[in-house]
> 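Pasting a structure here, questions to come.
Remember, predicted model here, so these are calculated numbers, not experimental data.
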Amino acid sequence: QVQLVESGGGLVQAGGSLRLSCLASGRTFSSHAMGWFRQAPGKERELVANISRAGRNIYYTDSVKGRFTISRDNAKNTVYLQMNSLKPEDTAIYYCAAVFSSAGVVPKRSNEYGYWGQGTQVTVSS
């Protein structure tokens, strides 16, 4: 069982930065690939970025490439999402998710992830 708790969301002006954190409970964090998803009002949940269990394989959706960075610290059971050059269209609830996975695997579909946090609101004003 893995429990996830996100933090770091808030209100920021366009062009600003935020750093999201996701703390996982349990002793199996390093066996899980981790993902950050987001859902804006009226839209489907989408994958923003994910990272394999050792951090060697990373994926970003096109709209955040060059602006967002995902990373993890397995010693601290934490995954991060550094968000720079934020745009109003980045406004959404951001969710952290975990899936038990093989080395190097980075699942991209939300239904592959078995554990989810409660979400943290990110609002970018223009």
Side-chain angles (χ1 to χ4, degrees):
Q1 188 77 6
V2 177
Q3 293 183 321
L4 305 172
V5 178
E6 302 100 335
S7 61
L11 173 64
V12 64
Q13 288 188 332
S17 298
L18 284 173
R19 188 194 196 201
L20 305 184
S21 299
C22 174
L23 176 63
S25 66
R27 293 178 288 181
T28 62
F29 179 72
S30 61
S31 298
H32 289 74
M34 301 297 297
W36 284 99
F37 291 78
R38 66 186 179 187
Q39 188 165 19
K43 295 188 177 181
E44 293 189 355
R45 189 172 297 188
E46 66 166 344
L47 174 65
V48 176
N50 59 14
I51 186 168
S52 60
R53 64 188 199 183
R56 293 189 180 94
N57 290 345
I58 289 174
Y59 166 84
Y60 297 101
T61 194
D62 286 346
S63 62
V64 308
K65 285 180 181 177
R67 301 189 297 122
F68 290 11
T69 303
I70 189 172
S71 61
R72 66 188 296 162
D73 185 338
N74 287 347
K76 295 183 178 179
N77 278 19
T78 303
V79 62
Y80 305 96
L81 186 68
Q82 177 67 44
M83 305 186 294
N84 298 329
S85 302
L86 282 161
K87 303 176 180 180
E89 50 263 44
D90 295 317
T91 295
I93 299 174
Y94 283 70
Y95 298 91
C96 173
V99 55
F100 186 81
S101 70
S102 302
V105 174
V106 279
K108 293 182 174 59
R109 295 191 299 270
S110 60
N111 61 8
E112 296 181 275
Y113 288 77
Y115 304 100
W116 292 84
Q118 81 288 353
T120 186
Q121 177 70 47
V122 171
T123 302
V124 184
S125 63
S126 57

> Around atom CD of E89, are there more than 12 heavy atoms of other residues, nucleotides or ligands at under 6.0 Å?
yes
> For the CZ atom of R67 and the OH atom of Y60, what is their distance to the nearest 0.5 Å?
12.0 Å
> So, K65 and D62, do they make that salt bridge, N to O below 4.0 Å?
yes
> Taking Q3 for its side chain and S25 for its backbone only, find out whether a donor-acceptor pair lies under 3.5 Å.
no
> Among T78, N77, V79, I58, which residue meets the side chain to side chain contact (heavy atoms under 4.5 Å, CB included) test with R72?
V79
> Nearest 0.5 Å, please: how far is CG in N74 from OG in S30?
5.5 Å
> Does any N or O in the side chain of Q118 come within less than 3.5 Å of the main-chain N or O of V5, such that one atom is a donor and the other an acceptor?
no
> Between L20 and V122, is the side-chain contact (heavy atoms from CB on, under 4.5 Å) condition met? List the steps.
CA-CA 9 Å; L20 305 184; V122 171; 4.1 Å; yes
> Before giving the answer on side-chain contact (heavy atoms from CB on, under 4.5 Å), spell out for Q82 and N84 the whole-Å C-alpha distance, their side-chain angles and the decisive distance to 0.1 Å.
CA-CA 7 Å; Q82 177 67 44; N84 298 329; 2.9 Å; yes
> As a test of understanding, state which of T91, T120, D90 forms a side chain to side chain donor-acceptor pair (under 3.5 Å) with R38.
D90
> Considering residues at least two apart in sequence or located in another chain, which fulfil the ring pair (Phe, Tyr, Trp, His ring centres under 6.0 Å) criterion with F37?
Y113, W116
> If you count heavy atoms of other groups shown closer than 6.0 angstrom to NZ of K108, is the number above 12?
yes
